[in-house]
Structure formats: C-alpha cells, structure tokens
Amino acid sequence: MLRLLTAGESHGQAVTGILEGMPAGVRLSKEKINSYLSKRQSGYGRGGRMKIEKDCIQILSGVRGGITLGSPISFMVVNKDYENWVEGMDPFEGNLNYKQVHHPRPGHADLAGALKYGFDDMRHVLERSSARETTARVAAGSIAGHILSNFNIEWASHVRQIGSVSIREKEVAFDALKKAEHSSVRCICKQTEEEMIKEIDTAKAKGDTLGGIIEVQISGLPVGLGSYTHWDRKLDGKLASSLMSIQGIKAVEIGDGFEGVVQSGSLIHDEIFYEEKKGFYHKTNHAGGIEGGMSNGEVLIVRCGMKPIPTLMKPLKTVDFHQKTPHDAAVERSDTCAVPAAAIVAEAAAIFVLADAFMETFGADSMKEMKERWKK
Ligand SMILES: Cc1cc2nc3c(=O)[nH]c(=O)nc-3n(C[C@H](O)[C@H](O)[C@H](O)COP(=O)(O)O)c2cc1C
C-alpha cells in the first residue's frame, strides 16, 4: 500500500513528504520529477510567487543510485521565497506578529481554521492550507508514476473550460491531449486557447479570478484495478477522494458523469463486444474506463471542476476577526487562474491512486515481482 504524508508551510523552509510503500527496484529519473514539478508551476494566469520558486526535488532517503530500496522515500522541495519570510517563519526565532492576518478570505480555510484551532492570527491557517502543499503531491505522484511507466501506462491532461470559455469537443481522444503540452492554458484548441487567455486578462484587470474544468486521461490500464467487493476498495471512490482533496476542486466526475444521468440507459451504457485478437472490448466509453469500481480496460477519463481562486485583488467583504466589524478580505500575492496548474496536480493525484491499485494487483515488494506477475 502506498502512503503519503506531506508537511510544510507555504512560506516555510520547504515542502516535504514521506512516500511509504514504494516497491524496490524502480528506477527513478530526477529530471522527470523536476520537469513535472516545473509543469505545476507554469500556466497562464499565475501570480508572482511562481516566478520566485523554481522547484527541485531533493530525495533524502529510500533511493540509491537512482533505484528505490523499498524503504520510505523522504523528499523535500525548498521554498526559495523563505528567505523573504525568515523573520516571520523561522521555527524558533520567527516573530509571531509578522504579517498577521485578521480578515478571513471567503472561500479559504481562514475563518473555519482559526475558529477550530483557536488562533488569533489566520497566518497560522493559510500557511498550511495553501496550494503550495500540492508540490509534495506532484512529486509523490511523479515518483509513483515511474511504476506505471514500466508497464506502458500513460497519462495526460487538458483544460476543457476556463470561466465561461470551453472547448466544443465533447470527447477528446487520448492522443489529441498531446496538443495541451504546447498551450499556456493546456487547451487543445488554438482558437479556444486565445479566448481563455482573454477571459483571464479581463478577470485580472477587474481584480477578479476564474475557475474551470480539467480532464485527466490514463491509457493502457489493465482490466480489474480496484474491486467491486467492498466500498472502500472501489477505484472510482479512491480517485474521487484523492482528486476532491486538491485545493479548490469542488466536483469530480468519471466518464460522462453529470451529463450521463440525463440520458436513457440504452444510450449511456457501453455495449460489450469480443474479437479473437482484441478480446473483450467496448466501442464507446461513456463509463470513462471504470465499471463496478474496477478498471475495464478502456481509457480512464476523469474530470474535475475547480472553483475560482478565492483571493481577489478587489477584495470580497468579510469581518475583522477581533473587532467583528465589516472589512475587506485579506489580499496576498495570488493567482488569477490556476486551472492549468491544477490539471498537473490532478494527474499526479490520479496516478498515485492508480499506482497503488496496480501494486495491489501485481505485487508491492519489487519491480521484478511485478514484471513476473504482469507477464502471466
Ligand atoms: C495549483 C493551485 C494553485 C492555487 N493558487 C491559489 C492562489 O494563488 N491564491 C488563492 O487564493 N488560491 C489558490 N488556489 C486555490 C486555493 O488553494 C483553494 O481555493 C483553497 O485552498 C480552498 O479550497 P477548498 O475549499 O477546496 O479546500 C490554488 C489551487 C491550486 C490547486
């Protein structure tokens, strides 16, 4: 079983993680992990913070000579911005009065977090609730993804919608997703990309923010990852939990999702065929590659809806936490739209779950064992 613990404050020294349960004998590429981290930092609509950070992984344990040992992999990604925040963030010398936050931002953990933990200063909350934490999840997803790459399992993502601008295509083939890699908003259509960029510029000029819809696809999965036998073994349930936990994600759908429920059964279910060479297959994929909580051999398709960024440069109304009087919400340097970056986080969150499910079926001790069981 793969387990991940993450730690780190947004302006603290580093984001760290412990990835426990990785099989032995997986060859890791540092360049691959770093290039994935850098994709999370990119995307049109992001704020100044990402210009400061240039994320690079440092692996502290569990790997020798580029090969996993089967022991816990601990890693860290240093926050370059820490040097500007030492005065407030140093674990022992930090000044607790530094940049305090008393005006909770609607849409963030600020208010509920301060009430729950009894804080006077919402800095304590936002430093940890920040999406900077997703750096650790992308690093861990990338490491776990090295398992799947050994079995020709591939993944990709694209942005279907930003604000009110969406691509026209209902279905996008896995191979077409490569086009998203060349787009600053991860859009597969040039014309829609321009409209999305305009939408972001308009929102930014108004001090406003945008959300959108992401799609992640995974191809090459074998039949039978996950299980129908018990609720907490279902692959769709595990994916939804992992994806929904990403900061700002408010909806997750698999396959046709919400659109599918208004169709009649005769149109929405994927009929089953058999050919000697191909084995069992479906001609359509409304189910998005999962039936009965298990992968069914088709491309896995999952979509996530991200709410607009809650820190607005034209601040929303809130209440001063101590005076209980109306006030503008706090403003921190912030993104206008982080949907393209969230697509990479969603890929990583999905890969993590799939790598875990793969290990459950094909062995969790070593790559050698997995390859032998895969052949059978
Ligand atoms: C990659 C990424 C970057 C984000 N950047 C920002 C940001 O700059 N400012 C902000 O207010 N929210 C940002 N968010 C969104 C917030 O983290 C999120 O809305 C907040 O944590 C509350 O989300 P929740 O209600 O889903 O937990 C970002 C989210 C992601 C995934």
Side-chain angles (χ1 to χ4, degrees), residues 6 8-11 15 36-53 55 77 79 81 99 101 103-117 122-142 157 159 161-163 184-186 200 203-204 207-216 240-252 302-316 318 328-350 352:
T6 73
E9 279 71 45
S10 179
H11 299 99
V15 176
Y36 214 51
L37 287 173
S38 129
K39 281 212 276 183
R40 191 204 71 93
Q41 295 187 281
S42 62
Y44 196 82
R46 302 217 67 189
R49 173 80 191 270
M50 286 308 122
K51 291 190 185 96
I52 298 171
E53 301 296 349
D55 290 342
V77 176
N79 289 326
D81 207 11
K99 294 194 183 179
V101 177
H103 308 126
R105 296 160 304 164
H108 267 292
D110 301 2
L111 178 60
L115 292 171
K116 177 178 167 70
Y117 291 102
M122 272 148 266
R123 166 78 44 210
H124 299 327
V125 178
L126 69 88
E127 283 294 331
R128 180 60 188 156
S129 64
S130 154
R132 181 77 185 137
E133 185 264 352
T134 61
T135 308
R137 284 201 261 174
V138 168
S142 175
S157 67
V159 169
Q161 187 165 337
I162 287 182
S184 63
V185 285
R186 299 193 69 77
I200 294 170
K204 190 173 181 185
D208 213 335
T209 60
L210 294 172
I213 299 176
I214 293 152
E215 182 173 282
V216 178
S241 166
S242 178
L243 291 161
M244 193 63 113
S245 74
I246 298 169
Q247 290 81 341
I249 298 300
K250 291 294 122 195
V252 176
V302 58
R303 293 178 184 172
C304 303
M306 185 181 193
K307 70 183 180 184
I309 297 285
T311 308
L312 272 69
M313 292 304 133
K314 190 168 170 233
L316 293 167
T318 189
D328 283 349
V331 177
E332 290 258 315
R333 187 172 40 207
S334 186
D335 301 330
T336 305
C337 172
V339 178
I344 301 303
V345 182
E347 277 186 26
F352 185 86

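Every number for a ligand or one of its atoms is a count from 1 in the order of the listing. All heavy atoms count here, side chains included; hydrogens, waters and symmetry mates do not.
- With respect to atom 22 (C) of ligand 1, the closest heavy atom belonging to the protein is G107 O, 3.4 Å.
- Contact check on K99 versus E127 returns no salt bridge, with no Lys/Arg side-chain nitrogen under 4.0 Å from an Asp/Glu carboxylate oxygen.
- Distances between N or O atoms of G248 and those of ligand 1 include at least one value under 3.5 Å.
- In this structure, G47 falls outside the shell of residues with a heavy atom less than 4.0 angstrom from ligand 1.
- With hydrogens left out, the protein atom closest to atom 14 (N) of ligand 1 is I309 CD1, 3.6 Å, a heavy atom.
- For the residue pair R40 / T135, a side-chain donor-acceptor distance below 3.5 Å is found, with atom types taken as modelled.
- Applying the side chain to side chain contact (heavy atoms under 4.5 Å, CB included) test between Y44 and each of V339, T336, I200, I162 identifies I200 as the sole match.
- Side-chain atoms of S42 and R186 include no donor-acceptor pair closer than 3.5 Å.
- At least one N/O-N/O distance between H108 and ligand 1 falls below 3.5 Å.
- Between the side chains of Q161 and R303, no donor N or O sits under 3.5 Å from an acceptor N or O.
- Nearest to atom 30 (C) of ligand 1 among the protein's heavy atoms is A131 CB, 3.4 Å.
- The closest approach between K307 and ligand 1 falls below 4.0 Å for a heavy atom of the residue.
- Between K250 and ligand 1, at least one N/O pair is under 3.5 Å apart.
- Contacts between S129 and ligand 1 below 4.0 angstrom, taking non-hydrogen atoms only, involve the backbone exclusively.
- Counted by atom type alone, T311 and H108 present one or more donor-acceptor pairs between their side chains at under 3.5 Å.
- Nearest protein heavy-atom contact of atom 17 (O) of ligand 1 is Q247 CB, 3.3 Å.
- Of the polar atoms of T311, at least one N or O is found under 3.5 Å from an N or O of ligand 1, judged by distance alone.
- Using a 4.0 Å cut-off between a side-chain N of Lys or Arg and a carboxylate O of Asp or Glu, D81 and R333 qualify as a salt bridge.
- In this structure, the side chains of S130 and E332 stay at 4.5 Å or more apart for every pair of heavy atoms.
- Taking any N or O of D335, backbone or side chain, at least one lies under 3.5 Å from an N or O belonging to ligand 1.
- In the displayed structure, K204 atom NZ is contacted under 6.0 Å by at most 12 heavy atoms of other residues, nucleotides or ligands.
- Here the heavy atom of the protein found nearest to atom 9 (N) of ligand 1 is S334 OG, 2.7 Å.
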